[in-house]
Structures are given as C-alpha cells and as structure tokens.
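Worth knowing before you read on, the calculation uses all heavy atoms, side chains too, and leaves out hydrogens, waters and symmetry mates.
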Amino acid sequence: MAFPRASKALSRFTVLDLTRVRAGPTCARQFADWGANVIKIDAMMEDGGEALGGPRRGADFQNLHRNKRAMTLNLKDPKGVDVFMRLAKQADVVIENYRPDVKTKLGIDYEAVRKVNPRIVYGSISGFGQDGPYAKRPGFDQIAQGMGGLMSITGAPGEGPMRAGIPIADLSAGLSCAMGILTALLEREVSGEGQWVQTSLLQAQIFMLDFQAARWLMEKDVAPQAGNNHPTSIPTGVFKTSDGYINIAATGGRIWERLCQTLGAPEWIDNPDYATAPARSKNRDALNAEINQRTVAKTSEQWVAELNAAGVPCGPIYAIDQMFEDPQVKHLGMAQQVASDDGRDITLVAQPFTLSRTPSRMAARPPEFGEQTEEILSEFGFTDGEIADLRLHRVV
C-alpha cells in the first residue's frame, strides 16, 4: 500500500471510522497515529464538508484526522450499506459515535456487522449510554461535564459552576473507547472473537472525577469548589509574583519545610497554625495570604528557579503560545510538522506517549473529502466497473 503509515505498532489493523465532531475522531486518531489503516468514511454531503466538525481545513479538523485516508459512502442507500458490509468483512475495527438508534436504523449496528465478520471489534461512543432512560438524548461535552459532577467542583467558591477549559468529556470518552478497543483486540488473540466496546461522555466524565468521586462513595463527602487550591494538599495553588503568577505544590511535611526556608519564613514551620497538615488545611486562607506577601517580591522566573532548586514543585502558568516556546515542551516534540504535498504549513499536536522501537510520526496530512475513495475500494476488491456504477448511482 502506497499510503504512508505513522508507525509499525498497529499496522496490521484496519479501522473503519464512521465518527464525527470530537469524541469519536479522538478515538480513531489513536489508531491512525500508531499506524493502523484508518479509513474515514465521509457522509455524502452537497458541500463536501463536515456537518458538525468545523471546516475541513480548520485547525480542529486537521488535528483530529491526520494519518487517515477518506472515502465517501452513502449509508442511507441500501447499496451503500452493502458496500460498508464488504469493507467490514475484511476490517478489524469499526468506530462510531452516532446516537444509539441511528446505526440500527441504517442496518450497520454491531449485530449486523458481526454476522459478516465475527472477529470485528465494534467501538461505540454515545452521550449517555447505548440504553437506559437517557439513551436517545443528544450528547454534548458541556452537558456531560455538568451531569458528571465536574462543573460543581470547578471554579472559585461561591461563583457558580464552571466548565473546564477543554472538552474533557469528549476527549476522555474517545481515549477510553480506544483503550477498550485495544483491550478487545488483545482478547481476540485468545478467543478469536470480536466484541462490542461501549462508552459514553457521561461514563468517561464520571471516571475522570477519580478521587473526588471516591470521596463520596467511600466517605459520603461531597467535594466543594476549591478554585485554584488543591482540595487536599495544602498549600498547593496559584500565587502572585511581581510579573504574573506561578503554581506551587508544597505537599507533605518535608516539602512544606523547604518552602518555608526558601520563602524566608522558617518560623512558619513551628507555627501551630501551620505546623501540621490539618492545621494548614484549617487556616488555608491565612496561609495563602502570607505566601502571596512573599511571592510578590520576585518574578515568576526567579521563583520557579529557586523553588525547584530547593526541591519544591513550582511552575509558570503559561498561555498556550508561551507553552509551546518552553524548552522542555520543544524537547518533547509536542508540536510536529505534517508532510504536505500541497504546500501548506501544517503543525499539529503530537501523541503524549512514545514507543522506543515503533514510534509515531505525522506521516500524512488529513485527507480531503473522499480523497481516496477509488483507491480504498480497489484495495477491498471492488472492480473498476463496480466503482463506476457506485459513482453513477451516487453511492460513493
């Protein structure tokens, strides 16, 4: 196959990508970036665009759909469903994020695909689950953030609920589905059978609450908003400097003592209001105010250097442009150029983990609408005559 692979790690797998917007494409991107043959199936649309995914050449779409190929297919036409089933018979994975009833109406649900390919691993992402009282509701990230409890603990105390600055329910649902599919593929090597992987924005968001959710389940403690303060490790938060703000995380007794020494306040170590973790928690506001009185005396750069040298975790608070200029971020290669054959300058966000033998790379720019339709159909055994007939009847 002439198509360049991003890695050798998952190159043996073929993935049919029926997804759109964010959660589903996030899942499919994990397979594309690690070398799977990911085929994005574009719905037949008059303008050749994305109904809900933004401009095809916009930054968001480009970041989600690199390292994939694309073909068009009209799944509302029975002939289109037949084509899909021929593809699915040879594929390893199907990923979709329709509302739960849509795939059944189209005739491409898990049970239907399983009949032609019992080894298929079928990944589904929905707003609230494939069944249950909310199954037919449309899913949206911010709705899941609210229903999943995140907005109730985000933001400053007393200022009302606040959404997170990223679509964390979408992203975590996509990553969870990818992990579920990989788990099912590993199990398939033993059983020889595929299975249906299901997750939802709501499930993923609740899972991401982690210890805050566990505090309720185990101790019946409802976490409140804490703003920039860490809910349990004190003092941890945002502190003002002479030219901006920094984060300081003084967790545990030893680090607390180092913080006191570096700030020039060794007397705080034995101060009964601050000497123990429970005392620091009780007197959090007073302690934060005292720390701020010290930190405003120097620049952010000075404090980051001095506190880290003393073994106290501290870091700057960057805007996104500043973050990409940080030397460690550059060293990690989190901004990567994409090879482009049309002269465009495409730089996208890299994968957050590396593999020593089979690394990931930006091997191919995101595809144009249905760009590789004929190439893909040919690879799956469709003849030139069949492809011409499908085009004639606007199936592809």
Is the closest side-chain donor-acceptor distance between T241 and S300 under 3.5 Å? yes
Within a reach of under 6.0 Å around CG of D321, are more than 12 heavy atoms found that belong to other residues, nucleotides or ligands? yes
Residues 310-319 side chain polar contacts: donor-acceptor under 3.5 Å, at least two apart:
unit_1: Y318; atom_1: OH; unit_2: D326; atom_2: OD2; d: 2.5

Is it the case that more than 12 heavy atoms not belonging to R254 sit under 6.0 Å from its CZ atom? no
Any pair counted as salt bridge (charged side-chain N to carboxylate O under 4.0 Å, His left out), so long as it reaches residues 171-194, sequence neighbours left out: R12-E189, D92-R188
If you measure only the distance, is there a donor-acceptor pair under 3.5 Å linking the side chains of Q90 and N117? no
Do the non-hydrogen side-chain atoms of L390 and F382 ever get within less than 4.5 Å of each other? yes
Within the 4.5 Å heavy-atom criterion, are F84 and L16 side-chain neighbours or not? yes
Which word best sums up how the rings of Y274 and W268 line up, parallel for under 30°, tilted for 30 to 60°, or perpendicular for over 60°? perpendicular
For W34 and F13, I'd like to know if the aromatic rings sit close, meaning centre-to-centre distance below 6.0 Å. no
Is R56 positioned over the aromatic face of F369, cation under 6.0 angstrom from the ring centre and no more than 45 degrees off axis? no
Below 4.0 angstrom, N of the basic side chain to O of the carboxylate: do K79 and D77 qualify? no
Please check if any side-chain donor atom of Q336 sits under 3.5 Å from a side-chain acceptor atom of R66, or the reverse. no
